[in-house]
Structure formats: structure tokens, C-alpha cells
Amino acid sequence: MPIDIVIGAQWGDEGKGRIVDLLSANTAMVARFNGGDNAGHTVTIGTDTYKLHLIPSGIIHPHTQAFLGAGMVINPESLLKEMDMLRSAGVTVDLGRLHISHTAHLITPGLKALDAAQEAALKEGRIGTTGRGIGPAYTAKASRSGLRMEDMLDPWLLQDKLDAHIAQVNERLTALGAVELDADAVCTDFDRFAAELMPYITDTAAMISDGLEAGQRLLAEGAQGTLLDIDCGTYPFVTSSTCTAAGVFSGLGIGLQPVDQVIGIVKAFQTRVGGGPFPTELSGELADRLRGTGENPWDEFGTTTGRPRRVGWLDGVLLRYAVRANGLNALALTKLDILSGLPTLRLCTAYRLDGQVYARPPFGISRLADCKPVYEDLPGWQEDVQNIRKFRDLPEAARVYLRRIEEIGGAPIRWVSVGPEREQVIETGH
Ligand code: IMP
């Protein structure tokens, strides 16, 4: 079974990039199947930190083929910038290494402007989007009016489609009281984007299927997280794509087939950006302590937007839910080192709502918002764990914490990260 899937088990920002980096050392094909440049995947190698938004993190390994799948929505300007960033960091991003699905959808400045205007109009119930045009791009896709990568292969067709698209977007922007866009300027920019990206646009679904048939391994790299999934997440405070494991097959256009590891990435505590319920949310000094100051790339500030993340204790109810919704058969727990020095750690094992105790999230977003966490308190540890590489060398309290997460979540923790560097990972042997 040559497919591994990496999924965010929370609200995104779990540290998927580094686990993908680890696994892609033994993988021929790495692929993104959902989302767009709303994602921010950070990989630190020595003194170099790569912040990737669209290109699979596995591209950093020189032997990999990287794919941007059909389920993605791609801003060509961001993609070209990211390709340049990688090139200047010495990563080869040439033909034969990077492949873009011809059926992936395009994000235009019009869709970005609509995202901002729609959010502004929401006032109270704002989703807190990343402002990258993700929602409007998937809306256009579902309403069958979207532009696709393959449109960039025909310059005349592209200009016609862009003209019609910008005219349509401008009507909506005007209705929302926002500034209209200049269609000619957008067309000129896209002419250039098309010329630069054209050689990379291809039938990625066929290429990946052929690779799998030839016995090559595939690593599917999820963006965002289970609780932001359009169907399984905390709707409407979600992104607009399928972030769960099931999205891999439609998002890459490959047939349903057995998968080896479905790995859920779980942060040692919970974070969320944007609006929506968060039962274990913390505030005050402890929240500041977990979030960090923002001076380090691994502090809890958005990779894409720089926004401070909301933080809280690990929510076991939602972890159990993520294990079930994705069929996770392994977990990777990140940022264990951040908990060092806390006297007590809390794990949410159930919710209390209207006098009842729930082991599963109740349905209805307002009910989730009203849930009060039931906590189990565990002793913390004082030791710095950053230099530990063996599970048995971790402080007893850390091992107990990890074991309890496995029990509550219902899946084994196979990796634990204890620092931002590539080698700061413990293989647990579980
Ligand atoms: P959108 O994906 O920009 O439409 O944003 C919808 C919601 O998903 C907002 O709450 C965002 O903060 C959140 N979101 C989108 N992408 C990410 C991500 O990569 N990490 C964490 N949150 C995200």
C-alpha cells in the first residue's frame, strides 16, 4: 500500500510541514489535494526556514516529484513567488519536478477582493478568513463559473473568460460597497502568469496513477485541519475545501485504493485562528505563555496572515472525532517541548452541556459553543525535552501525558516533536 496521508487533526497549524518533510525522505511523489495559499507550512532545516503555502513541503527533498492537485484553488501570482523563493533557497523547481493539475481552479484578484468584501459585510459573524479568496474560488467552482488552470493554456480564451469574470465580480463588489477592479490590468498580469506557468500544467491525475501503478510511494499532504473541513468541521467557521483524508482521492483525481498510514498531526495543545467555537480556549498569562511572543517562527502567530492564534488545552473530544472522521491510524504529536515547565496539564475528556456529559461533540454549532470542558489534570514536567530523541528518555510525566492522549484519542502516537529542527523528533515505536 504505497499511499500515506498526512492530515491536520485540529484547526490547522498543527505542524504538518515538518512531519511531511520527515516522511517525504522515503517518498517519490508528494502532493497537495486541497485548499490554496491560505495554508502555511513551515519547515526548518538547520538555519533555513521554508514557509510554503501552495507547493507540497516534500519538494525540499531533491528526489521528489511535487504535485498540485485538482482539488486545489491556486493563486498563480502566489505560486510564482513561492517558486522564486524556493529557487533562491537552492531548491530545484524546474519542469519534471513540479506539476500542476490542469483542473485545479484559479484564484484571481477579483476573488480575493470578494473575500474581503464579504467578510466586511458579515460584521458580527465574521469567519476570520485568511483573505486569500478561498471561499469565493470554491463558490465559483461549485457554481460552474470558475476559471481553471487549463484556461491558461489558451491565451485568447483566458482573456475572454477573465473579462467576463471581472465584470461579474465587479457587479458583486459594487453591491457590497467595495472598489471595482480594472479588467485590463488583471488580464495583463494573467498573460504573464500563463506564459510562466504553462509548461507546468498537466494531467497530474494520470501521472500520479501511473506512478502508483509503477510502485512509487505517494504522500498526500493535507492543508488546514479536520475541524476546518467544509463537511466535518465547525461549520460555518470552516474553510471551503475537504481537509479530511477522504478528500485525497477526489482532490488528486485518483481511484479509491488502500492506504498505508493515515497520520493525524496533533499539537500538544489546541490552537485556532479566526472565529468559531473553541471549548478549551484559554486567556491571560497561560495563553500568552503557550502562544509565545511572536519572535520565533514557531510561535503561535499565523504563517500566512501573522494573526495571533487563539490557544487552549488539548481537546480529547475533538481529537477522538478527528480519528473517526479521517480513519487515522497513527498520530504525530508536535510541540511537546512548549509544555515543559508547566506545573499541571489539563486534557479535555468530555463536554458538559445542559446538565449532561458528552463524549462526542454535540451537533449544532451553538451547542458546541456552549459546551463546558470536563478536564483531567495531569502532572507537568520541569525538564527541557528538546534534546531527547528516545521515548524512554522523556520525563515520566511526559510519557504519561502522551499515553493518555493515545487512550483518549484512540490512535497510537508514532512521532513526537520536541523542537522546530528537522532532527528534533522522537519515534515512539508505537
Ligand atoms: P479561509 O480558508 O481563508 O476561507 O478561512 C476560513 C477559516 O479557516 C478561517 O478561520 C481561517 O483562519 C481558517 N484557516 C484557513 N487556512 C488555515 C490554515 O492553514 N491554518 C489555520 N487556519 C486556517
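When a ligand or atom number is given, it counts from 1 through the structure's own listing order. Not measured: the values here are computed from a predicted model.
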* Are a donor atom and an acceptor atom from the side chains of Q159 and D191 found within less than 3.5 Å of each other? -> yes
* **S240 heavy atom under 4.0 Å from ligand 1** => no
* Asked: Do we see a donor-acceptor contact under 3.5 Å between the side chains of E221 and S57?
  -> yes
* To do: Determine, considering heavy atoms only, which of G8, G274, G128, A137 sits nearest to atom 9 (C) of ligand 1.
  => G128
* Asked: Does a side-chain N-to-carboxylate-O contact under 4.0 Å join R291 and E300?
  -> no
* atom 5 (O) of ligand 1: which protein heavy atom is closest, and how many Å away? -> T129 CA, 3.4 Å
* Asked: Are D115 and R132 within salt-bridge range, i.e. N to O under 4.0 Å?
  -> no
* To do: May I ask you to identify the nearest protein heavy atom to atom 3 (O) of ligand 1, giving residue, atom name and distance to one decimal place in Å?
  => T130 OG1, 2.6 Å
* To do: Measure the distance from atom 21 (C) of ligand 1 to every protein heavy atom, then report the residue, atom name and distance (to 0.1 Å) of the closest one.
  => D13 OD2, 3.0 Å
* Structure fact -> Short version for R307: what comes under 4.0 Å of ligand 1, heavy atoms counted, is side chain
* Residues E376 and R404 bridged, charged N to O under 4.0 Å -> yes
* Asked: Which of the atoms in ligand 1, numbered in the order shown and given with their element, are less than 4.0 Å from a heavy-atom of I127?
  -> 6 (C), 9 (C), 10 (O)
* Identity and separation of the nearest protein heavy atom to atom 10 (O) of ligand 1 -> V273 O, 3.1 Å
* **Charged tip of K267 within 45° of F269 ring normal and under 6.0 Å** => yes
* Asked: Going by the atom numbers of ligand 1, which of them fall below 4.0 Å from some non-hydrogen atom of W11?
  -> 21 (C), 22 (N)
* Asked: For ligand 1, which atoms sit closer than 4.0 Å to a heavy atom of Q224?
  -> 15 (C), 16 (N), 17 (C), 18 (C), 19 (O)
* Asked: Does the distance from a Lys or Arg side-chain N to an Asp or Glu carboxylate O, for R403 and E407, drop under 4.0 Å?
  -> no
* Taking NZ, NE, NH1 and NH2 as the nitrogens, is one of them in D84 or K81 under 4.0 Å from a carboxylate oxygen of the other? -> no
* Option of least heavy-atom distance to atom 13 (C) of ligand 1 (set: V238, L228, T239) -> L228
